[in-house]
Structures are given as structure tokens and as C-alpha cells.
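Every chain is numbered from 1, with letters handed out A, B, ... down the list of sequences. All values below were derived from every heavy atom in this structure, side-chain atoms included, with hydrogens, water molecules and symmetry-related copies excluded.
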2 protein chains.
Amino acid sequence: MAISIKDVAKMAEVSVATVSRVLNKNTNVKEETEKRVLDAIEKTGYKPNAIARSLKVKNTRTIGIMIPDISSNFFPEVVRGIEDVANEFNYNIILCNTDLDREKESKYLDILVEKQVDGIIYMSNTFTDQLAEKVKKMGIEIVLISTDYKDLPSITIDNVKASKDAVDYLIEKGYENIALIGGQMTDPNAGLPRYNGYINAMSHAGKTINKDFIVEGNYKFESGYTGMKKLLELEKKPDAVFTVSDEMAVGIIRAVLESGYKVPKDMAVIGFDNTNMAKMTYPSLTTLSQPLYEMGAVGMRLLTKLLNKEEVENHKIVLEHELIKRESA
Amino acid sequence: MAISIKDVAKMAEVSVATVSRVLNKNTNVKEETEKRVLDAIEKTGYKPNAIARSLKVKNTRTIGIMIPDISSNFFPEVVRGIEDVANEFNYNIILCNTDLDREKESKYLDILVEKQVDGIIYMSNTFTDQLAEKVKKMGIEIVLISTDYKDLPSITIDNVKASKDAVDYLIEKGYENIALIGGQMTDPNAGLPRYNGYINAMSHAGKTINKDFIVEGNYKFESGYTGMKKLLELEKKPDAVFTVSDEMAVGIIRAVLESGYKVPKDMAVIGFDNTNMAKMTYPSLTTLSQPLYEMGAVGMRLLTKLLNKEEVENHKIVLEHELIKRESA
DNA sequence: TTGTAAGCGTTATCAG
DNA sequence: CTGATAACGCTTACAA
């Protein structure tokens with residue numbers, strides 16, 4: 001049996017209450033007593049049992065993170081942001097990969113509730129009424145990152161503005177025929193709004209929208225590659241393409257290069273996300289940067305405030321994006 | 001106040017013991033009683049409190065993962081492997097980023113112990129006597145991934161063999177002057193052994209070792225880039241380079257391309273890790289693949305066995321590596 | 001300044 | 001088959 005507060009109390013010849021007091025830095029302990037207790041802790045190698053403590057104080061100082069897949073490009077950096085500020089505020093994180101699977105998601109949510117996490121950060125998917133109801137009933141604090149839902153706290157960027165900025169840049173640079181390899185239109189987070197941004201920019205510049213220049217992708221390398229191949233087969237080819245993930249951008253570049261064209265001379269390419277990879281590719285990627293780390297950090301910071309019942313002026317935080325200009329456009 | 005087993009018991013007009021029984025699928029419950037309890041659970045929306053349960057049963061079904069940095073290339077995939085089998089065996093994971101900082105590491109270890117994790121997976125660094133002693137004293141199960149220490153359970157690959165295989169391939173292909181951009185010699189996991197593998201292959205093939213062709217890097221893009229620049233300034237340049245991370249390989253390729261040379265025609269490049277990026281670069285990377293996901297999965301599987309006190313024939317698991325042949329060499 | 005004791009929400013032993 | 005109850009390791013009134 002591991003040693004408990006009792007053993008320490010016995011050795012220090014005090015009550016467990018006193019030990020608890022020095023553990024929790026309660027001031028009302030005589031210095032000499034405190035020293036005895038500290039000694040005993042040292043000697044026994046005692047480590048407090050956080051589970052027992054949690055049961056009593058009704059918080060666990062752990063929060064749950066629900067993401068689709070830590071091994072996909074987007075998430076590690078925001079998780080890092082979360083964990084850094086979690087750590088700063090003495091929280092730990094339980095990581096859950098949902099694979100965008102509603103059933104897994106629901107199961108994980110139950111587990112997190114049962115494990116009494118103090119809060120949840122959700123970036124898994126589009127949020128649903130069902131989830132919202134569950135969370136509400138459980139009385140658990142939640143913040144959404146990179147997705148939004150009714151009046152729940154969330155951290156996002158302005159996807160249509162971001163998208164428009166990217167296309168505007170292409171237009172300013174004088175590109176005439178700008179294509180879009182977008183996300184799924186059914187994706188209300190990164191699909192639709194970025195499509196709208198593209199349309200906005202084009203219309204605003206008085207350019208006609210060419211349906212052939214709009215192709216749907218799924219954010220993955222292959223879909224960028226095949227999407228570009230399709231564009232390259234067109235009679236009238238685009239001279240620039242904006243796409244909504246860096247992976248797709250890299251796929252696009254490969255398709256272009258393989259066809260003997262140059263980037264950006266023959267085909268400019270703008271990606272999205274500014275993932276690690278973006279600065280490493282050749283040519284390096286001009287890309288619309290989401291502040292990934294910051295999104296995580298700010299989200300977690302918001303959650304701590306919520307947990308402390310601090311007054312927060314604004315639950316809906318929209319972070320600034322930035323167009324990172326490199327070689328590909 | 002959240003509803004507890006008591007509320008359920010009251011509503012079902014049974015004792016808490018009985019509720020506990022149906023919760024834990026204990027057979028000794030009359031079917032009709034069980035139904036009453038299930039009904040009450042349903043009506044109240046009761047969720048068991050895992051913290052209270054853990055306090056009693058002395059396990060938490062959560063394990064701790066210590067890694068340097070989830071946002072660096074290597075780890076997300078192995079964490080995913082860990083989490084998948086953890087989930088399969090009803091464990092959750094607490095993620096800790098240590099930044100290779102001994103102090104942070106030690107602090108996290110304490111926290112994990114206090115939170116009563118059932119086990120730990122460690123990939124943070126080289127393991128130390130100090131850590132080992134602590135873990136032992138705490139009586140906590142641990143498995144190391146991608147590092148090794150005395151008689152502790154570990155999952156690794158054969159780094160010298162892997163490295164030798166890569167260089168052998170270059171030799172077979174007829175490259176004459178093969179350089180190495182390696183890790184730090186002070187790194188006993190990926191630095192020294194991979195250096196040794198290079199030396200082995202070269203000696204074995206009867207090639208003289210050219211000190212100028214060996215440069216030290218730190219696994220990052222920049223160090224590959226600058227390392228290659230240095231190599232390119234040599235009077236007598238190499239015609240191939242083996243490096244010990246994909247990031248460095250990508251940096252190398254940029255340096256080569258910028259200097260107007262072609263990959264692999266003028267300079268063959270082999271990387272290490274087969275990270276996501278490897279198949280996306282142009283030219284795509286020939287690289288020594290570590291089975292990242294599998295390392296995580298196998299490591300976690302081993303941990304479950306350890307936790308179940310199952311007999312394990314072999315605590316030291318060496319996984320197979322594989323040379324993935326693509327365009328860069 | 002310190003100790004006593006109740007209680008957090010479970011499980012498990014023991015009786016019945 | 002079911003119920004009382006002690007116990008898990010801690011915190012926190014309340015008393016002294």
C-alpha cells in the first residue's frame with residue numbers, strides 16, 4: 001500500500017488535518033510543526049493522492065480535448081498551445097481522437113464527464129444540438145476551437161475574410177484566371193466560408209466566376225494533386241490557384257511541376273494554414289496562416305476564465321489571420 | 001449537486017449496493033430489480049463518478065504520455081498509435097510536453113503519479129537513473145518508446161542497422177561519395193547509432209571515411225539546409241547524402257536545388273522517419289521508415305499487459321524498419 | 001495553532 | 001438476491 005497522509009501524520013506526530021494544512025499552504029501552522037511535517041513528507045516520499053483530493057474538492061484540474069486526429073496536420077500545434085497554457089494554470093489534458101465519428105465522440109464525451117474533467121475543448125467537428133444539450137445538462141464548461149455553435153464560447157478566424165484576402169493578393173499581383181480548390185461545401189467551418197471568400201474577392205474585382213475553375217477537395221494532398229490535374233487539362237488553364245489547405249497546395253505544386261510548368265511563374269499557388277511544412281517545400285508556400293498555437297492557447301485561457309467564473313466580456317473570439325508571403329505566389 | 005448513485009438508489013427503491021451491482025454487471029441481481037435500476041439511471045441521467053470509483057478500486061484507467069513536443073514531426077503519429085490501443089482497452093491518455101527539459105519532466109512525472117495514472121509511456125529523452133529510481137519507488141509501470149534504459153520495457157528500432165541499410169542502398173546504387181548529416185553524437189538514441197550505421201556501411205564496402213563528409217545536425221530543417229550548404233562548398237563534393245530526419249532531408253534538397261543541382265541526379269538524398277511530409281515533397285523522399293504508429297500501438301499494448309500482470313516473454317521489443325524508395329534516391 | 005470527525009461517491013464485505 | 005456499512009485518501013467545518 002502506498003503511503004498516505006496518515007503515515008505522514010503519524011511520523012510527524014500531528015493530525016492528518018495539520019498535514020493537509022501544510023500541503024495546502026494554509027498559513028495557520030506553527031513554523032516548527034510545519035518543518036516536522038515537511039520532514040516527514042521528505043522521509044516517507046509521500047505524494048498526495050490527487051484522486052482523493054478531487055473527490056473532496058470536486059475538481060480534477062484536468063480538461064478534455066476532443067479532436068479528430070492528432071496525427072493530421074492541423075492539430076498538433078493547437079494542442080501544444082492548449083497544453084502550454086493548461087500547464088501554466090496547473091491543468092492537465094486528456095486527449096481524445098474522435099475521427100469525426102459521432103459515436104466515438106459521444107462515447108468520449110461520456111468518459112470525460114465520468115472522469116470529471118473540469119472543462120472540454122472541442123475541435124472535432126461541427127457541433128450539434130445533441131452535444132450541446134448533453135454538455136449543458138452535465139454543467140461542463142466547453143470552448144470550441146475552429147468551429148462555432150450558437151452562444152457557446154469559441155475561437156475562430158474569419159474564414160471568408162481570410163479567403164478573400166488570399167484571393168485579393170492574387171488579383172493585386174495581376175493574375176487573371178484564378179482557380180479555387182476548396183473544401184467540401186457541406187463543411188460549414190472551412191468549406192463554405194472559404195468558398196464564399198473566393199467568390200467575394202472575384203466579384204468584388206469584377207471578375208467573372210468560371211465554374212470550371214472551382215473544384216472540390218478534401219484538404220488532403222491527393223485531392224490537391226488530382227484537382228490540379230483536372231485544372232491542367234482545361235483548354236483554358238488558370239494562372240493561379242488558391243486552395244484551402246497546405247497539403248492540397250503541395251499536391252497542386254507537384255501536379256504543376258510534373259507537367260513541366262513552373263511555380264509561381266506559370267502557376268501561382270496559395271495554401272492555407274501555414275503548417276510546419278509550408279516553409280520547407282520548394283518552392284516554399286505562400287499561405288494564409290491561422291494562428292494555430294495561439295488558437296489553442298487563447299482557447300485554453302478562455303476556458304480557465306470560465307472555470308474561475310471570471311467575467312469574460314466576449315465569448316466569441318475571432319483571431320487575426322495573416323497572409324504569409326513566400327515563394328509560391 | 002450532480003446526481004449520484006444514492007439518487008438512483010432512492011428512485012429505484014433499492015440500496016446503493018444494488019445499483020453498484022447493476023453498474024458493474026454483477027450477475028446476482030434479479031432481472032426485475034435490474035430493470036428498475038436501469039430505468040432510474042435513464043430517468044435521472046446518472047453518470048457514474050469515475051473519480052470516486054478510482055479512489056476505491058485503486059486504478060484510474062488513464063495513462064500518462066511524456067513526449068518532448070507534440071507539435072514536432074515525429075510524435076503525433078506514435079501518440080495516435082498509443083491512443084488507439086489505449087482506447088481499445090478502455091484507457092485514456094494524459095499528454096505531457098516536456099520540451100526535453102529535465103525539470104519539466106520531473107514535475108510532470110510527479111503530477112502523473114499524484115493523479116494516479118496506471119502507467120506511463122515515455123519518449124521524452126534519454127532515461128536517467130534518477131527517473132528510473134523515482135518510477136520504481138512509485139511502483140508505476142512504464143514503457144519507453146524510441147529510447148532504451150537498462151531492463152525497462154522498451155520499443156525501439158535497430159538504429160545502426162537501419163542506418164546501415166540506408167547507406168548500403170546508396171552504395172548499391174553506385175554512389176561514390178556519400179555524406180552524412182547526422183544527429184548529435186551526444187544523442188544515444190538517434191545520433192550515435194545512426195552515425196555508427198553509416199560508418200559500418202562505409203567500412204564494410206571498403207570505402208574510406210572522409211571526415212569532411214560528416215556533419216552534425218539537430219534534426220531540424222535549417223540544420224539540414226546549412227549542413228548541405230557546407231557540403232556544397234567543398235572542393236570535392238559528395239554525390240549522395242544520408243541524413244537522419246526527413247526535415248533535414250528537405251532542407252538538404254532545398255540547398256541542392258538552390259545551387260542549381262538536381263535531386264537525385266547530382267545529389268541523392270535519403271531521409272529518416274517517413275513522416276507525412278515525405279511523400280509530398282518534390283522530389284518525394286526516399287527515407288528510412290520507422291513504424292511510428294506501430295511503435296505507439298505496440299508500446300501501449302505492452303503496457304496493458306504489464307498492467308494486467310500478464311506474462312510477457314520479452315520486454316525489449318525491436319520493431320522492423322523499412323527503406324521506402326521514392327524519388328530522392 | 002491544532003485535532004476530531006463528517007463527508008465526497010464509489011465498491012466490497014458481510015449478514016441476512 | 002439484497003441491504004448496511006466500512007473503507008478508499010483527502011479537505012474542511014467546528015471545537016478546543
Side-chain angles (χ1 to χ4, degrees), chain A residues 1-38 40-41 44-62 110-118 138-139, chain B residues 1-38 40-41 44-62 90 110-111 113-118 138-139:
Chain A
M1 177 79 32
I3 51 159
S4 81
I5 201 172
K6 271 188 198 163
D7 306 294
V8 176
K10 201 168 298 173
M11 171 172 283
E13 296 179 301
V14 296
S15 72
V16 294
T18 300
V19 177
S20 176
R21 284 189 191 100
V22 347
L23 249 21
N24 296 289
K25 311 205 186 312
N26 185 312
T27 46
N28 298 336
V29 178
K30 214 201 299 175
E31 195 164 335
E32 188 241 313
T33 323
E34 180 178 10
K35 189 172 304 177
R36 272 215 324 280
V37 172
L38 259 17
I41 289 175
T44 53
Y46 167 73
K47 293 268 178 281
N49 182 325
I51 294 296
R53 173 166 215 286
S54 287
L55 181 58
K56 184 68 190 173
V57 301
K58 292 176 166 334
N59 67 244
T60 53
R61 299 212 80 84
T62 113
D110 282 342
I111 293 176
L112 291 175
V113 169
E114 293 183 8
K115 293 208 171 173
Q116 313 293 122
V117 295
D118 296 340
M138 300 305 166
Chain B
M1 176 80 33
I3 50 159
S4 81
I5 201 172
K6 271 187 197 163
D7 306 295
V8 176
K10 203 169 296 173
M11 172 172 283
E13 296 178 302
V14 295
S15 73
V16 294
T18 300
V19 177
S20 177
R21 284 188 191 100
V22 348
L23 248 21
N24 295 289
K25 312 208 186 313
N26 185 314
T27 46
N28 298 334
V29 177
K30 213 202 301 177
E31 194 165 336
E32 188 242 314
T33 321
E34 181 179 8
K35 187 172 305 177
R36 269 214 325 279
V37 171
L38 259 16
I41 288 174
T44 54
Y46 167 74
K47 293 267 177 282
N49 182 326
I51 295 295
R53 174 166 214 286
S54 286
L55 181 58
K56 186 67 188 171
V57 301
K58 293 178 167 332
N59 67 242
T60 53
R61 300 213 80 84
T62 112
N90 292 113
D110 282 343
I111 292 175
V113 168
E114 293 183 7
K115 293 207 171 173
Q116 313 293 121
V117 295
D118 296 342
M138 300 305 166

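Atom CG in A:Asp7 sits about 9 Å away from atom P in D:dG9, given to the nearest Å. Nucleotide D:dG9 holds its P atom 12 Å from the NZ atom of A:Lys10, rounded to whole Å. Counting to the nearest Å, the P atom of D:dC8 and the CD atom of B:Glu114 are 20 Å from each other. Spacing between atom CG of B:Asn59 and atom C1' of C:dT11 amounts to 12 Å, rounded to whole angstrom units. Spacing between atom NZ of A:Lys58 and atom C1' of C:dG9 amounts to 8 Å, rounded to whole angstrom units. Summarising the geometry, the separation between CZ on B:Arg36 and C1' on D:dT2 is reported as 11 Å, rounded to the nearest angstrom. Summarising the geometry, the separation between CD on A:Glu34 and P on C:dT1 is reported as 11 Å, rounded to the nearest angstrom.
Under the side-chain hydrogen bond (donor to acceptor under 3.5 Å, both in side chains) criterion, B:Thr33 pairs with no residue, sequence neighbours left out.
B:Ile41 contributes atom CD1, which lies 5.0 Å from atom CG of B:Leu23 (distance to the nearest 0.5 angstrom). Considering CG of B:Asp118 and OG of B:Ser54, their distance stands at 7.5 Å, rounded to 0.5 Å. One distance of note links CG of B:Asn24 with CZ of B:Arg53; it measures 5.0 Å at 0.5 Å rounding. Atom NZ of B:Lys58 sits about 8.0 Å away from atom CD of B:Gln116, to the nearest 0.5 Å.
No donor-acceptor distance shorter than 3.5 angstrom exists from the side chain of B:Lys115 to the backbone of B:Thr60, with no hydrogens or angles considered.
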- Task: Indicate for each nucleotide in nucleotides 10-15 of chain D, in 5' to 3' sequence, whether protein heavy atoms under 4.0 Å reach the base (B), only the sugar-phosphate (S), or nothing (-).
- Result: SBBB--
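Considering every non-hydrogen atom in both B:Ala9 and B:Val16, the closest pair reads CB-N, 3.7 Å.
For C:dT10, neither phosphate oxygen OP1 nor OP2 lies less than 4.0 angstrom from any side-chain nitrogen or oxygen of B:Ser54.
Across its full length, the helix from C:dT1-D:dA16 to C:dG16-D:dC1 shows an angle of 40° between the axes of its 5 terminal pairs at either end, rounded to 10 degrees.
The existence of a salt bridge linking A:Glu31 and A:Lys35 is excluded, since no basic side-chain nitrogen approaches an acidic carboxylate oxygen closer than 4.0 Å.
The environment of A:Lys47 atom NZ is dense: over 12 non-hydrogen atoms of other residues, nucleotides or ligands sit within 6.0 angstrom.
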